[in-house]
Structures are given as structure tokens and as C-alpha cells.
Amino acid sequence: MRNLIIDDNLADQYLLREAAETLGVPVALTFAMDGDHGFAILDHLLARCPHELPQLILLDLHLPGLSGLEVLERLKSHECLAMIPVVMLTTSSLIEDARVAYRRRANAFMTKHPNFEVFRQQFQTMISFWHDAAPPPTPGR
């Protein structure tokens, strides 16, 4: 399963790599440090072959430059990218942040748990859901 993770926190990236290694399914992670870098990666993939787009995008709510919500709006307004599930992955537990994300068409809102084992279980459950229970349609087909 190909995933694009847009998160500027190196500790989060490390934790996600560690969690991915323990999964029972192959997970390819590509990291972007901010929204602009994430779009550069997506533009590169779109130009090469749309079916190589990520199957899931994990998007931090609080990014430098473009906020996660701005990135979400741009993703969901793009014809080919709109069908890729976007999970807002954040330290925020504010209900208003979740409401705004869902209004802007996020597919899920996940508050990062500070305990690594709980966080790993959250990540595994999320990947299993999108990989097994609700795989998204392949973009570009």
C-alpha cells in the first residue's frame, strides 16, 4: 500500500516508519515536510503515471506554509486526487478542528496518541481499514 505522509515532525515520521514495519501488509511510505513538497511529489507522480498515486494520504493539520486544511482543500479540488482518502493526523483533539476537517472532505481525523504502543495500534488499525475493508478506487482508471 502506497502512502504519502505530509508531516514536518521528524519524530512522527520515525514513529510511522516503526509502526509500518510491524504491519502484516507491505506499506510504502513517502514523506513530505510541508504542503508544497507534498504537491511536488503528487505532481511528479501524476505526470509519470496516475495509477502510481498513493492509496492513502496522511496529512498533519499543523504544517509550515500551507496549513493541512489548505492542502486538504487543494487535494479535494483536484479531479484525480480527490478520490484518494485523506486522514488528518494531528496532535489536536479539538472537536472544532475535526469538524472543519470533515467539512473540507477529510475522510478521517486521527489524534496522535502520545504513547507509542497506542499510536502504533492506531496506525495499524487505520492502514488495515484502508487496505482491507475500504480500499479506495485506483486513481486515473
Side-chain angles (χ1 to χ4, degrees), residues 1-95 97-141:
M1 178 176 205
R2 292 177 308 278
N3 301 279
L4 173 61
I5 300 164
I6 304 174
D7 189 330
D8 68 321
N9 186 320
L10 293 175
D12 287 347
Q13 292 181 14
Y14 174 79
L15 291 174
L16 288 164
R17 279 189 188 97
E18 289 289 313
E21 288 178 11
T22 65
L23 291 172
V25 296
V27 176
L29 303 178
T30 302
F31 291 95
M33 293 300 289
D34 58 36
D36 289 326
H37 182 214
F39 277 106
I41 291 168
L42 290 168
D43 285 341
H44 175 72
L45 293 173
L46 278 168
R48 285 185 28 221
C49 190
H51 68 272
E52 291 184 22
L53 291 172
Q55 294 167 291
L56 179 66
I57 296 174
L58 305 178
L59 177 58
D60 193 349
L61 185 64
H62 304 290
L63 292 170
L66 287 176
S67 75
L69 294 173
E70 291 170 313
V71 172
L72 177 64
E73 281 191 67
R74 286 180 58 187
L75 284 168
K76 293 301 183 176
S77 68
H78 190 287
E79 183 180 342
C80 191
L81 302 176
M83 68 177 61
I84 302 170
V86 177
V87 175
M88 301 304 292
L89 184 65
T90 181
T91 56
S92 175
S93 58
L94 298 174
I95 192 69
D97 284 342
R99 284 184 180 130
V100 171
Y102 282 121
R103 275 190 222 114
R104 295 185 187 189
R105 299 177 43 212
N107 297 89
F109 187 93
M110 186 176 114
T111 301
K112 301 174 201 171
H113 198 280
N115 177 285
F116 174 70
E117 288 305 315
V118 176
F119 176 71
R120 184 173 55 81
Q121 183 60 46
Q122 286 178 310
F123 181 70
Q124 288 176 330
T125 301
M126 176 187 47
I127 293 297
S128 293
F129 174 77
W130 290 109
H131 181 266
D132 299 327
T138 304
R141 289 189 185 167

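- The distance from atom CG of Asn107 to atom CE of Met88, rounded to the nearest 0.5 Å, is 11.0 Å.
- Taking all atoms of both residues into account, the shortest heavy-atom contact from Ala32 to Ile41 is CB-CD1, 4.0 Å.
- The side-chain hydrogen bond (donor to acceptor under 3.5 Å, both in side chains) check on Gln121 picks up Thr125, with sequence neighbours excluded.
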Note to self: Run the side chain to side chain contact (heavy atoms under 4.5 Å, CB included) test on Lys112 and Asp7 for me, step by step, so that the C-alpha distance in whole Å, both residues' side-chain angles and the decisive distance to 0.1 Å come before the verdict.
What the structure shows: CA-CA 12 Å; Lys112 301 174 201 171; Asp7 189 330; 3.2 Å; yes
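- Once rounded to the nearest 0.5 Å, the distance linking OG1 of Thr22 with CZ of Arg120 reads 4.5 Å.
- Gln122 places no side-chain N or O within 3.5 Å of a backbone atom of Met110 that could act as its donor or acceptor partner.
- Across Phe109 and Tyr102, no two heavy atoms sit closer than the pair N-OH, 3.1 Å.
- Partners of Ser92 according to the side-chain hydrogen bond (donor to acceptor under 3.5 Å, both in side chains) rule, which considers only residues two or more places apart in sequence or in another chain, are Asp97.
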Checklist line | Worked verdict on Ile5 versus Thr30 for side chain to side chain contact (heavy atoms under 4.5 Å, CB included) | finding: CA-CA 6 Å; Ile5 300 164; Thr30 302; over 6 Å; no
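- Side chains of Leu56 and Val87 form a contact here, defined as non-hydrogen atoms less than 4.5 Å apart.
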Check: So Arg105 and Leu72, side chain to side chain contact (heavy atoms under 4.5 Å, CB included) or not? Walk me through it.
Finding: CA-CA 8 Å; Arg105 299 177 43 212; Leu72 177 64; 5.6 Å; no
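- The closest side-chain heavy-atom distance from Asn3 to Leu16 is not below 4.5 Å.
- Distance CG/Leu53 to NE2/His44: 11.0 Å, rounded to 0.5 Å.
- Taking CG of Leu61 as the reference point, atom OG1 of Thr91 lies at 8.0 Å (rounded to 0.5 Å).
- Distance check, rounded to the nearest 0.5 Å: CZ of Phe116 to CZ of Phe123 gives 10.0 Å.
- For Asp8 (side chain) and Met33 (main-chain N/O), no donor-acceptor pair under 3.5 Å exists by modelled atom type.
- In plain terms, the two heavy atoms of Leu29 and Ala20 that are nearest each other are CD1-CB, 3.7 Å.
- Pairs engaging residues 67-82 under the salt bridge (charged side-chain N to carboxylate O under 4.0 Å, His left out) rule: Glu73-Arg104 [sequence neighbours left out].
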Next item on the list: For the pair Asp34 and Leu66, evaluate side chain to side chain contact (heavy atoms under 4.5 Å, CB included) and give the outcome as yes or no after the intermediate values.
Entry: CA-CA 7 Å; Asp34 58 36; Leu66 287 176; over 6 Å; no
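- If you take CD1 on Ile6 and CG on Leu58, they are separated by 9.0 Å, rounding to the nearest 0.5 Å.
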